[in-house]
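Have a look at the structure below, then the notes.
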Amino acid sequence: MTKTNLITGFLGSGKTTTIRHLLASKPQNQRWAVLVNEFGEIGIDGALLANSGAVLKEIPGGCMCCVNGLPMQVGLNMLLQQEKPDRLLIEPTGLGHPKQILELLTQETYAGWIDLLATVCLLDARQLSQPQYRDNENFRDQLAAADIILANKMDTWQPQDNLALEAWQAQYGLQRPVHHIEQGRMDVALLDLPRTNHTELPDAHHHHAQAKTQGLAALRLPENARWRRALNQGQDYTSCGWIFDGETLFDTVGMMEWIRLAPVERAKAVVRIPEGSLLINRQGQDLNIETRPVAPLDSRIELIHSSEADWNALQTALFKIRLG
Ligand SMILES: Nc1nc2c(ncn2[C@@H]2O[C@H](COP(=O)(O)OP(=O)(O)O)[C@@H](O)[C@H]2O)c(=O)[nH]1
Ligand SMILES: [Mg+2]
């Protein structure tokens with residue numbers, strides 16, 4: 001059986017960062033798999049997690065319990081049966097439905113394959129004082145479904161964030177351990193803790209999107225197309241993503257500025273630059289930039305915002321930072 005953990009948390013709370021940390025500290029002799037499910041159509045976390053020593057599957061385009069239905073289930077079963085991983089880490093989208101995902105993983109199809117252990121929820125304590133997050137149904141359900149809460153991004157907390165976390169714990173979090181961490185540096189041993197929290201969650205307002213046929217694969221560029229754009233909408237959020245072919249090059253500084261200044265809450269990119277790859281990950285003002293000497297197969301950019309943004313104006317500016 002594959003030991004399996006859900007790694008939940010709201011948009012940009014640090015799920016992928018945590019998974020990267022876990023993969024870096026996994027026992028060498030073990031085989032791990034990661035299933036990453038993104039709100040955006042484009043699929044970028046896969047690129048952020050590439051070459052980190054695990055089998056990787058991506059489900060882009062919305063919450064995994066809504067988007068994919070049967071193809072997702074067949075794909076997950078194949079992953080378990082063919083790869084026989086010792087451990088599977090599942091990152092649902094920050095706008096995912098933990099109740100339905102847990103129901104999906106505990107159904108008969110996976111009995112004998114999945115040993116579902118502790119659900120870990122990442123929390124950015126700064127968001128407890130912001131009603132747009134604190135009152136968001138997905139944000140609340142994820143915390144309610146957690147067995148372990150990781151209050152991440154400690155380095156960014158102000159004294160009031162600590163107080164908000166303490167107040168929240170006193171009101172809701174008492175039965176669950178809350179660990180304070182930075183950069184997703186959780187103790188790997190926590191993954192072996194059992195699932196103990198069986199809180200009855202309300203049925204979330206989730207609207208099953210139309211079934212997609214792509215199964216467990218990130219979106220690709222149609223043959224001979226140089227670029228395409230894909231929009232997604234749901235749970236009051238909107239995303240816009242672009243894929244450019246492997247030939248397209250971007251100006252490094254121009255791309256960093258475009259991402260930094262884009263008037264959206266969440267931005268991610270893995271793009272080709274003259275020096276190789278540029279990886280940018282931004283949540284609010286939290287910005288992480290990396291370069292790698294190897295060029296990516298294509299360039300991918302994804303923006304997420306809680307209301308409509310002027311995607312066309314952003315696209316015009318994006319096209320101007322293409323080189324040649
Ligand atoms: N300042 C700070 N930023 C962090 C920390 N952990 C993650 N981040 C940043 O927060 C952003 C979102 O992280 P990510 O792991 O992609 O979030 P996800 O959407 O939950 O997968 C990235 O820019 C990360 O570099 C932390 O402990 N402190
Ligand atoms: Mg992520």
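Order of listing sets the numbers, starting from 1, for every ligand and every atom in it. Values below: every heavy atom of this structure, side chains too, minus hydrogens, waters and symmetry copies.
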Between Arg20 and Glu91, is there a salt bridge with N-O shorter than 4.0 Å?
no
Determine, for Asp286 against Arg126, whether the closest basic-nitrogen to carboxylate-oxygen distance falls under 4.0 angstrom.
yes
Starting from atom 23 (O) of ligand 1, find the nearest protein heavy-atom neighbour and note its residue, name and distance.
Asn281 O, 2.7 Å
Would you sort out whether Ile148 and Leu193 count as a side chain to side chain contact (heavy atoms under 4.5 Å, CB included), showing the intermediate values?
CA-CA 9 Å; Ile148 301 164; Leu193 294 177; 3.8 Å; yes
Closest protein heavy atom (residue, atom, distance) for atom 8 (N) of ligand 1
Lys153 CE, 3.7 Å
Among Gly284, Pro92, Gly9, Gly14, which one has a heavy atom closest to atom 17 (O) of ligand 1?
Gly14
Nearest-contact summary for atom 19 (O) of ligand 1 - protein heavy atom, Å
Arg266 NH2, 2.8 Å
The angle formed at the Mg ion (ligand 2) by OE2 of Glu91 and OG1 of Thr16 is about (to 10 degrees) 90°
Give the atom name of whichever N/O/S atom in Asp45 sits closest to the Mg ion (ligand 2).
OD2
Closer than 4.0 Å to some heavy atom of Thr156 - which atoms of ligand 1 meet that?
1 (N)
Is it true that Arg134 and Gln127 share a donor-acceptor pair across their side chains at a distance under 3.5 Å?
no
Atoms of ligand 1 under 4.0 Å from any heavy atom of Glu182, numbered from 1 in the order shown, are 27 (O)
In the protein, which heavy atom is nearest to atom 7 (C) of ligand 1, and how far is it?
Thr17 OG1, 3.5 Å
Identify the closest protein heavy atom to atom 25 (O) of ligand 1: which residue and atom is it, and at what distance?
Asn288 CB, 3.1 Å
For Gly12 and ligand 1, answer yes if some heavy atom of the residue is under 4.0 Å from a ligand atom, otherwise no.
yes
Do you know which of Leu191, Val34, Leu190, Val120 makes side chain to side chain contact (heavy atoms under 4.5 Å, CB included) with Leu22?
Leu191
Salt bridge flag under 4.0 Å for residues Asp192 and Lys3:
yes
Trp227-Phe319 aromatic ring centre distance below 6.0 Å
yes
When distances are taken from atom 18 (P) of ligand 1, the protein heavy atom at minimum range is Lys15 N, 3.4 Å
Can you check whether Lys268 has an N/O within less than 3.5 Å of an N/O in ligand 1?
no
salt_bridge(Arg140, Asp135) N-O dist < 4.0 Å:
yes
Below 4.0 Å from any atom of ligand 1, is there a heavy atom belonging to Glu91?
yes
List the closest protein heavy-atom neighbour of atom 6 (N) of ligand 1: residue, atom name, distance to the nearest 0.1 Å.
Asn152 ND2, 3.1 Å
Taking 4.0 angstrom as the limit, do Arg300 and Glu302 come out as a salt bridge?
no
So which heavy atom in the protein is nearest atom 27 (O) of ligand 1, and how far is it from that ligand atom?
Gln183 N, 2.5 Å
Indicate whether any N or O donor in one side chain lies under 3.5 Å from an N or O acceptor in the other, for Gln233 and Glu308.
yes
In terms of relative ring orientation, are Phe139 and Tyr133 parallel, tilted or perpendicular, with 30° and 60° separating the classes?
tilted
Taking atom 1 (N) of ligand 1 as the point of reference, which of Val36, Asp155, Asp286, Asp45 owns the nearest heavy atom?
Asp155
